[in-house]
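Bear in mind that the values here come from a model prediction, so they are computed numbers and not experimental data. Quick note: numbers below take in every heavy atom, side chains included, and nothing from hydrogens, waters or symmetry partners. Here, residue 1 is the first one in the sequence, and each next residue gets the next number.
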Amino acid sequence: MSTERALVLGGGGVAGIAWAAGLLAGLARAGVSLADADVVVGTSAGSVVGAWLATGVDPEEMLARQVDPARQTPELSTDVDLGALAARFGEALAGASVEEVRRQVGAMALATSTVPEQARREVLAARLPVHDWPAGLVVTVVDAQTGERSALDASCGFPLVDVVAASCAVPGVWPPVTLGERRYVDGGVHNVLNADLAAGAARTLVLAPLGAVGDGPLGAGWDAARPLLGVRVLLLEPDEASRAAFGANPLDPATRTPAAQAGLAQAPAVVDAVREVWR
């Protein structure tokens, strides 16, 4: 890729969406817009925020969708035991190759009974006010059978809503999504950031709602990606108050307001660094 500015938006559940929305709104209030990114790489929660940004949704609108009860879109509640889910992931990780781990996680997703695929699609359709593919957006998904990552853009031939739904299909929580003849799960199964897809950009900003600890699969993949990203790179992670706002379950819709407010409050502390990288 040969481009000037790349924005990488990582996974983090509905709390991660809200935190990123608050952060973007705070940066915009300080005069720093990230809407001029040449490429936006979105994984899971980041695919939602990336679609908003790339389709021209104003950061204040993003923020309102998190903190204003009248503007919040309907979400499906999940009573999933995240500890038990983590244990299942741990079983897949034990003693297996990276490729095998991804296949095992995909197989677990295919075998888990969750809500109907269409019901989950409706949630994503409501989240996205614009359903047309924008230029410059790249969304990551993982084939549930092979474990292979795909980086999809406007040329893929699949509807934006379906691709974002696939990128947000947390294994064991939400159903895999059908794209053509294949079924796909969360792009975070490859890794939570997929920042390597921004390789070659002159300036790269990475928003990591779940932090940058751990290599792939299921980790952030940051250690492997960082050498590919050049000199002008900035990684932004939630501060202590933001992490507290995420709570124990970042998939809980109740985290939206506190996480968004925490992201908004964090923005003044990082705006100068963002401006330095982005200008």
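Residue V67 is not grouped with residue F246 when hydrophobic side chains (ILVMFWY) are merged at heavy-atom distances under 4.5 angstrom, including chains of intermediate members. Follow the hydrophobic side-chain contacts under 4.5 Å out from V270 and you reach L34 in the same cluster. Side-chain heavy atoms closer than 4.5 Å link hydrophobic residues (I, L, V, M, F, W, Y) into clusters, and following such links, possibly through other members, connects L76 to V161. V274 is not connected to L63 by any chain of hydrophobic side-chain contacts under 4.5 Å among Ile, Leu, Val, Met, Phe, Trp and Tyr, and they are in different clusters. Linking Ile, Leu, Val, Met, Phe, Trp and Tyr residues whenever their side-chain heavy atoms come within less than 4.5 Å places V139 and V170 in a single cluster.
Across all non-hydrogen atoms, the minimal contact from P227 to A224 is CD-O, 3.5 Å. Of all heavy-atom pairs between V57 and P129, the closest is CG2-CG, 3.6 Å. Considering every non-hydrogen atom in both C168 and V48, the closest pair reads SG-CG2, 3.8 Å. Closest non-hydrogen pair, P134 versus L160, comes out as CD-CD2, 4.2 Å. For the pair L235 and A212, the tightest heavy-atom approach, listed with the atom from each and the gap, is CD2-CB, 3.6 Å. Nearest approach of R121 to P159, heavy atoms of both residues: NH2-CB, 4.3 Å.
With hydrogens and angles ignored, the 3.5 Å screen pairs no side-chain donor or acceptor of E237 with any backbone N or O of L210. The backbone N or O of V115 sits nowhere less than 3.5 Å from a side-chain atom of R120 that would complete a donor-acceptor pair. For the pair R256 (side chain) and P253 (backbone), a donor-acceptor distance under 3.5 Å is present. Judged by distance alone, with hydrogens and angles left aside, the side-chain atoms of T43 form no donor-acceptor pair with the main-chain N or O of G46 at under 3.5 Å. Here the side chain of R183 pairs a donor or acceptor atom with the backbone of P176 at under 3.5 angstrom. With hydrogens and angles disregarded, no donor-acceptor distance shorter than 3.5 Å links the side chain of D252 to the backbone of N249. No donor-acceptor pair closer than 3.5 Å links the side chain of W222 to the backbone N or O of G211. At distances below 3.5 Å, at least one donor-acceptor pair connects side-chain atoms of D38 with backbone N or O atoms of R5.
Between E61 and R65, at least one side-chain N (NZ, or NE/NH1/NH2) sits under 4.0 Å from a carboxylate O, which counts as a salt bridge.
Going from atom OG of S167 over to atom OH of Y184 covers 12.5 Å, rounded to the nearest 0.5 Å. Annotation: the span from L152 atom CG to L179 atom CG amounts to 7.0 Å, rounded to 0.5 Å. Here CG of L7 is found 5.0 Å from CH2 of W278. Values are rounded to the nearest 0.5 Å. Taking CG from L207 and CG from L205, the interatomic distance works out to 5.5 Å, rounded to the nearest 0.5 Å. The CG atom of N194 sits 11.0 Å away from atom OG of S47, with the distance rounded to the nearest 0.5 Å. We find the OG-NE2 distance between S150 and H190 to be 10.0 Å, quoted to the nearest 0.5 Å.
The closest side-chain heavy-atom distance from R232 to T204 is not below 4.5 Å. Put simply, the side chain of V163 reaches to within 4.5 Å of the side chain of C156, judged on heavy atoms. In this structure the side chain of L251 reaches within 4.5 angstrom of the side chain of V173, judged on heavy atoms. Side chains of D153 and L137 form no contact here, defined as non-hydrogen atoms less than 4.5 Å apart. When side chains are defined from C-beta on, M62 counts as touching L53, because their heavy atoms get closer than 4.5 Å.
The hydrophobic cluster of V213 has no other members, since no ILVMFWY side-chain heavy atom comes under 4.5 Å of it.
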Full working for side chain to side chain contact (heavy atoms under 4.5 Å, CB included) between L128 and V164: CA-CA 9 Å; L128 302 182; V164 172; 4.1 Å; yes
For the pair M108 and Q104, evaluate side chain to side chain contact (heavy atoms under 4.5 Å, CB included) and give the outcome as yes or no after the intermediate values. CA-CA 6 Å; M108 180 268 285; Q104 288 185 21; over 6 Å; no
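Judged by distance alone, the side chains of D186 and W174 never bring a donor and an acceptor atom under 3.5 Å apart.
Other residues, nucleotides and ligands place more than 12 heavy atoms under 6.0 Å from the CD atom of Q118.
Residues forming a salt bridge (charged side-chain N to carboxylate O under 4.0 Å, His left out) with E75 (at least two apart in sequence, or on another chain): R127. For R243, the salt bridge (charged side-chain N to carboxylate O under 4.0 Å, His left out) test picks out no residue, with sequence neighbours left out.
Within the structure, salt bridge (charged side-chain N to carboxylate O under 4.0 Å, His left out) contacts touching residues 128-148 (residues at least two apart or in different chains) are D143-R182.
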Distance-only criterion, 3.5 Å: show the donor-acceptor pairs between side-chain atoms of residues 8-32 and protein atoms not counting sequence neighbours.
| residue | atom | partner | partner atom | Å |
| --- | --- | --- | --- | --- |
| W19 | NE1 | S242 | OG | 3.3 |
| W19 | NE1 | Q266 | OE1 | 3.0 |
| R29 | NE | E60 | OE2 | 2.6 |
| R29 | NH2 | E60 | OE1 | 3.1 |
| R29 | NH2 | E60 | OE2 | 3.4 |

Return all side-chain donor-acceptor pairs below 3.5 angstrom for residues 257-264, not counting sequence neighbours, or 'none' if the list is empty.
| residue | atom | partner | partner atom | Å |
| --- | --- | --- | --- | --- |
| T257 | OG1 | Q66 | O | 3.1 |
| T257 | OG1 | Q72 | NE2 | 3.3 |

